[in-house]
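Naming: A, B, ... by sequence-line order, numbering from 1 per chain. Scope of the values below: all heavy atoms of this structure, side chains included, with no hydrogens, waters or symmetry mates.
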Number of protein chains: 2
Amino acid sequence: MSGTILVVEDEPAIQELIVMTLKRAGHETLRAGSVEEASKLIDHALPDLALIDWMLPGASGVELTRRLRGNPRTQSMPIIMLTARSDEDDKLLGLDSGADDYITKPFSPKELNARIKAVLRRRAPEITDDIVETNGLMVDPATHRVTGDGVTIEMGPTEFRLLHFFMTHRERVHSRTQLLDQVWGDHVFVEDRTIDVHIRRLRQALEASGYDAYIQTVRGAGYRFSKP
Amino acid sequence: MSGTILVVEDEPAIQELIVMTLKRAGHETLRAGSVEEASKLIDHALPDLALIDWMLPGASGVELTRRLRGNPRTQSMPIIMLTARSDEDDKLLGLDSGADDYITKPFSPKELNARIKAVLRRRAPEITDDIVETNGLMVDPATHRVTGDGVTIEMGPTEFRLLHFFMTHRERVHSRTQLLDQVWGDHVFVEDRTIDVHIRRLRQALEASGYDAYIQTVRGAGYRFSKP
DNA sequence: CCGGCTCGTAACAAATATGTAACAAAGCCG
DNA sequence: CGGCTTTGTTACATATTTGTTACGAGCCGG
């Protein structure tokens, strides 16, 4: 669970502290010390979330929030407001201005991370978890279960994802590279041959129920899921 | 307000439209193009509601409805009938066959959602929560008491809430993060691993009555409550 | 029939995830 | 104010998964 986070904070010490906290939690960071700087950064990169200090030199954080909300490109970017004041009015103003959440300084790294996690989670795209079925072979993402003619089939997480992908993309041949992108993720670096091993493990798991022949090798091209 | 809805519709375009509408409303879906397919799906999963087209290849929708009503497992499942005909006779027949409601095509997504909501709401009381029971394991929110085959089981408040959540959301896998949100609350900041400890404590409490195996670990995904 | 590839498999070591126990802080109650 | 329970955290033990590699079998064009 990582993402790029824009930190808009004019106080260097606090900015540093925040950035450190975020990095430790596995996030990438973009720093800005003012509204202008932030705007410029956003022209070239689109963060997954913005952490904006309430008090900023020049235009205030509220102003920046309004701007972000006004721009179609950044309209739906989650925003968390940082405020030193704790009176209710400010909080409400921050929320009204379009922020998704606010944190009152001083705050602990733990709290910061939790809020970020919560906000990102709220925006997380709904994963489709419809049950997929083919000839008695059933994959249910909601219960994380695979059954062959009603009998539970055990397999590791990777094999599960692999099978799910195959079953939602049947008949087509998928190259090893494609499978890596789709099942492992764009960013991960693993050998192509690793796929073969997982294919083997998946086949082995399906073997007991007799569904192993559904995963076919297409020499020189990749693998395909389809009725034998 | 979510639930799994079985869509039985042979016309692909209409099926797709319906599924889209349902998804947008936050429901999970199961698709079937015929009575046979629907029957097979129901053998392995129990939807919260069924949307059945009147005209289907092979056995008709009315026939499917009768079957569902005849099976104890699906006896009380709400059913909404989709019909292209608008004459009164058909409507009455549909209702007589055991459907809870009927919708005449063409229908708007809004209407579909409204009807579904209405039907589900009618059934809601049983979900809302009074005493929850599974195979002799009983959780009573009113008295805050858990019994296994009649014998009281002692546990801490957190374990109680955890168990209650599990029992009202069986079968599904819940990630540690989801559990934190649902059982602890959005705003609480605790480590993910804390869940494991409470799971352990809950299992330990249930152990004496032999219900500990109901809480299953799904490696890489989270925990699930279901019959062993 | 001979290389040259591609794929299937098994074995292995490292990385991860989960189970458990112990501990200290925070609550709770009489 | 003590005792007692509940909680969250951590460290360590186990268990499982994952990625790599090495080797051999099968396929194919020449």
*Using a distance-only test with no angle check, is there a side-chain donor-acceptor pair under 3.5 angstrom linking B:Gln182 and B:His174?*
no

*Whole-Å distance between C:dT9 P and A:Gln204 CD?*
8 Å

*Rounding to a whole Å, what distance do you find between B:His144:NE2 and D:dT5:C1'?*
15 Å

*B:Thr194 side chain N/O closer than 4.0 Å to the phosphate oxygens (OP1, OP2) of D:dT9?*
yes

_When you measure from the side-chain N and O atoms of A:Trp184 to the phosphate of D:dG19, is any distance below 4.0 Å, counting only OP1 and OP2?_
yes

*asked:* In this structure, how many angstroms lie between the C1' atom of D:dT18 and the CZ atom of A:Phe189, rounded?
replied: 15 Å

Grab the N/O contacts between the protein and nucleotides 25-30 of chain C below 3.5 Å, and write none if there aren't any.
none

*asked:* Here's a test for you: under side-chain contact (heavy atoms from CB on, under 4.5 Å), which of B:Val146, B:Thr147, B:Leu163 qualifies with B:Ile153?
replied: B:Val146

*Measure the acute angle between the ring planes of B:Tyr214 and B:Phe225, then classify it against the limits of 30° and 60° as parallel, tilted or perpendicular.*
tilted

_Side-chain donor-acceptor pair present, A:Thr143, B:Arg170, cut-off under 3.5 Å_ = no

Collect all protein-nucleotide pairs involving nucleotides 13-20 of chain C in which both atoms are nitrogen or oxygen and the distance is under 3.5 Å.
{"unit_1": "C:dT18", "atom_1": "OP1", "unit_2": "B:Gly220", "atom_2": "N", "d": "2.8"}
{"unit_1": "C:dT18", "atom_1": "OP2", "unit_2": "B:Arg176", "atom_2": "NH1", "d": "3.2"}
{"unit_1": "C:dT18", "atom_1": "OP2", "unit_2": "B:Arg176", "atom_2": "NH2", "d": "3.2"}
{"unit_1": "C:dT18", "atom_1": "O5'", "unit_2": "B:Arg176", "atom_2": "NH2", "d": "3.4"}
{"unit_1": "C:dT18", "atom_1": "O4'", "unit_2": "B:Arg219", "atom_2": "NH2", "d": "3.4"}
{"unit_1": "C:dG19", "atom_1": "OP1", "unit_2": "B:Arg203", "atom_2": "NH1", "d": "3.0"}
{"unit_1": "C:dG19", "atom_1": "OP1", "unit_2": "B:Thr217", "atom_2": "OG1", "d": "3.1"}
{"unit_1": "C:dG19", "atom_1": "OP2", "unit_2": "B:Tyr223", "atom_2": "OH", "d": "2.7"}
{"unit_1": "C:dG19", "atom_1": "N7", "unit_2": "B:Arg193", "atom_2": "NH2", "d": "2.9"}
{"unit_1": "C:dG19", "atom_1": "O6", "unit_2": "B:Arg193", "atom_2": "NH2", "d": "3.1"}

*Please state whether the phosphate of D:dT7, meaning OP1 or OP2, lies under 4.0 angstrom from any side-chain nitrogen or oxygen of B:Thr158.*
yes

*Could you check how far NE2 of B:His198 sits from C1' of D:dG8, rounded to whole Å?*
6 Å

*Taking atom P of D:dA22 as reference, at what distance in whole Å does atom CD of A:Glu191 sit?*
11 Å

*Please walk me through it: do B:Glu36 and B:Ser39 pass side chain to side chain donor-acceptor pair (under 3.5 Å)?*
CA-CA 5 Å; B:Glu36 288 66 37; B:Ser39 301; over 6 Å; no

*Can you list every salt bridge (charged side-chain N to carboxylate O under 4.0 Å, His left out) pair that touches residues 137-152 of chain A, not counting sequence neighbours?*
A:Arg145-B:Glu171

*Would you say the side-chain atoms of B:Thr158 and B:Arg161 include a donor-acceptor pair closer than 3.5 Å?*
yes

*Supply the atom-to-atom distance A:Leu22 CG to A:Ile5 CD1, rounded to the nearest 0.5 angstrom.*
5.0 Å

*asked:* What is the separation between atom CG on B:Leu162 and atom C1' on D:dT6, rounded to the nearest whole Å?
replied: 14 Å

_Upstream residue (5' side of DNA chain D) when A:Pro157 and B:Arg201 are each assigned their closest nucleotide_ = B:Arg201

*Protein-nucleotide distance (A:Ile215, atom CD1; C:dG8, atom C1'), rounded to Å*: 14 Å

*Could you state the interatomic distance from CD1 (A:Ile42) to CG (A:Leu30), rounded to the nearest 0.5 Å?*
8.5 Å

*Rounded to whole angstrom units, what separation is found between the CZ atom of B:Phe160 and the C1' atom of D:dT7?*
18 Å

*When all nucleic acid strands are considered with a 4.0 Å heavy-atom cut-off, which category describes B:Glu159: base, sugar-phosphate, or nothing?*
sugar-phosphate

